[in-house]
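First comes the structure, then the notes that go with it.
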Amino acid sequence: MRSQTDEGYTHALGNRQVQMIAIGGAIGVGLFLGAGGRMAAAGPALVLSYAVAGVAAFFVMRALGELVLYRPASGSFVEYAGEFIGPWAAFASGWMYWINWAATGVAELTAIAAYIHYWAPTFPEWGTALIALGFVLVVNLLSVRLFGELEFWFAMLKVLAITVFLVVGLVLVVFAVGEAGPANLVAHGGFFPTGFPLVLMSLQSVVFAYASIELVGITAGETARPHEVMPRAINGVVWRIAIFYVGSVLLLGMVLPWTAYRAGVSPFVTVFSGLGVPWAADAMNLVVITAALSSCNSGLYATGRILRSMARKHEAPRFAGTLSSRHVPIGGILFTAIMFLGGVGLFYYLPERAFNIATAVASLGVITTWGVLVYCQTRLRRTGHRSAFPMPGSPYTNWLTLAFLALVVLLMPFADQDQRVAFLLVPVLVAGIALGWLAVRRRRRVPAPAES
């Protein structure tokens, strides 16, 4: 029989599953789909955006590692924000993380609908999104172990697809097959063909591509032997970022001229189609759908735990704190699923822009989460705590990472129309969360009725 945590969960996730969840969190639709449009806009220099954002992501993960080994908790950064900053910070970061996943879920469901439409053009896209949502909802409600197994195989498929591309791409470049070669990085207008500013403007989408790497921290509360498993999982992010992201984008820039890529088309499909591989589009279509399903699956998992942690402190609706007989936070999962369902309306009204708007809004939640983790780690160090898994270069790397995250937000209104929409929502989100916190604090001050 599995042991239970103080929060009522079971230690259902093992080393194999946590390692793959960490890998799955580092590979998503942001790479499989988004890299094509960004390459078409920024050119080969896009690799710099991935490298810089990757360095920031590495420091975020090491900050998370130090916090997790200090105290593993399924509430993750929400718990740490409450302890090291204050209860208002836990409230704000928890709801921003929920906004992140609510927007991400909408983006992924629209992506699934669009890519299933490729195979079944007569089937209603809203029906596809509904079926996909129902599938991941059932998986999350049944058991944590089933979630872990599904994520394991989702991650295996994504890793296999990326590995195949890396091997094929490397062979093409080394043997100069067709147009492939390092010269493509500078041959068509130079390394910065559209200018350095557009490379900066791509940072928001790149940050979204790295989103959910912090999910491994939330699994800590349901992981057996977290002090052994978590450092290995977190350290693995370094080489995954270097190989899967930076390596893939670098090879994309060398295999074909940057002008060959376009928005809305997977760059990997573009490469394999250029080789005359007839089944490439179908195979990559399947991988993109898998990546989107994986993201929705992870979103329900993460927000269910975060909302339950907040509900136990009366900072979220009471039913979000409900734990099922299977030790699954059923209330929080259903709350997020309802929002996923409502968000499909955005796709109905703005089908061409829904994905980009949703990812831009989601990035605000990602940046908030990363910022909270990095700042909490600085506060942990100030208590005199010394970890066996310290964040390198702290506190200087903390402040550099926070400055990078602030830069990404400040650049958003100058990037494109969809990012501008997300930026203009910032004051709305701040006001909404502030009013919510005032209501929560006022309710806490009301004395409980005396028992007769």
Side-chain angles (χ1 to χ4, degrees), residues 27 29-58 162 165-210 240-276 280 284 356 359-360 363 400 403-420:
I27 307 172
V29 174
L31 176 63
F32 283 120
L33 179 60
R38 295 303 167 187
M39 179 70 81
L46 179 67
V47 69
L48 296 181
S49 292
Y50 275 89
V52 172
V55 171
F58 164 66
I162 290 292
F165 166 74
L166 290 172
V167 171
V168 172
L170 196 58
V171 169
L172 293 175
V173 171
V174 170
F175 293 99
V177 178
E179 298 179 274
N184 279 327
L185 295 175
V186 294
H188 304 273
F191 191 62
F192 297 94
T194 58
F196 182 70
L198 281 178
V199 177
L200 287 177
M201 301 308 170
S202 68
L203 285 173
Q204 172 271 322
S205 63
V206 173
V207 167
F208 174 76
Y210 286 125
R240 283 193 292 276
I241 286 173
I243 297 176
F244 291 142
Y245 274 93
V246 181
S248 291
V249 174
L250 183 62
L251 276 176
L252 285 172
M254 290 193 289
V255 169
L256 290 174
W258 66 275
T259 52
Y261 303 105
R262 64 184 189 274
V265 178
S266 170
F268 303 100
V269 171
T270 301
V271 169
F272 284 111
S273 296
L275 292 174
M284 194 52 63
N356 288 334
T359 55
S363 296
L400 286 172
F404 168 78
L405 297 176
L407 174 65
V408 174
V409 175
L410 293 175
L411 288 172
M412 288 178 71
F414 306 102
D416 56 45
Q417 188 178 4
D418 298 331
Q419 290 192 49
R420 196 172 302 118

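The shortest side-chain heavy-atom distance between Phe244 and Val249 does not fall under the 4.5 Å cut-off. Side-chain contact check for Val168 versus Phe272: some heavy-atom pair is nearer than 4.5 Å. With contacts defined as side-chain heavy-atom distances shorter than 4.5 Å, the pair Asp416/Met201 does not qualify. The side-chain heavy atoms of Val173 and Asn184, taken from C-beta on, include no pair separated by under 4.5 Å. Contact of the Leu46 side chain with the Trp258 side chain is not registered, since no non-hydrogen atoms from C-beta on lie closer than 4.5 Å. Between Gln204 and Arg38 the shortest side-chain heavy-atom distance falls below 4.5 Å. Using a 4.5 Å heavy-atom cutoff, the side chains of Leu166 and Ser248 are in contact. Between Tyr50 and Val55, every side-chain heavy-atom pair lies at or beyond the 4.5 Å cut-off.
Among all heavy-atom pairs drawn from Pro182 and Met254, the shortest one is CA-SD, 3.7 Å. Pro267 and Ala35 get closest at one heavy-atom pair: CG-CB, 4.0 Å. Here the closest non-hydrogen pair linking Gly253 and Met39 is N-CE, 3.8 Å. When every heavy atom of Asn356 is checked against every heavy atom of Thr359, the shortest pair comes out as O-OG1, 2.9 Å. When every heavy atom of Gly43 is checked against every heavy atom of Pro193, the shortest pair comes out as CA-CG, 3.8 Å. In plain terms, the two heavy atoms of Phe208 and Ser363 that are nearest each other are CB-OG, 3.4 Å.
In this structure, Gln419 CD and Leu411 CG are separated by 8.5 Å, a value rounded to the nearest 0.5 Å. From Leu200, atom CG reaches atom CG of Leu48 across 10.0 Å, with rounding to the nearest 0.5 Å. Taking CG from Leu252 and CG from Leu185, the interatomic distance works out to 11.0 Å, rounded to the nearest 0.5 Å. The distance from atom CG of Leu250 to atom CG of Leu170, rounded to the nearest 0.5 Å, is 10.0 Å.
For the pair Ser49 (side chain) and Ser202 (backbone), a donor-acceptor distance under 3.5 Å is absent. Under the 3.5 Å distance criterion, the side-chain polar atoms of Thr270 are left unmatched by any main-chain donor or acceptor of Tyr261.
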query: Which is it for Val186 and Phe192 under the side-chain contact (heavy atoms from CB on, under 4.5 Å) test, yes or no, and what are the steps along the way?
result: CA-CA 8 Å; Val186 294; Phe192 297 94; over 6 Å; no
task: Evaluate the side-chain contact (heavy atoms from CB on, under 4.5 Å) criterion for residues Val206 and Tyr245: first the C-alpha distance (whole Å), next the side-chain angles of each, then the deciding distance (0.1 Å), finally the verdict.
output: CA-CA 10 Å; Val206 173; Tyr245 274 93; over 6 Å; no
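Considering only residues two or more places apart in sequence or on other chains, Ser266 meets the side chain to side chain donor-acceptor pair (under 3.5 Å) condition with none of them.
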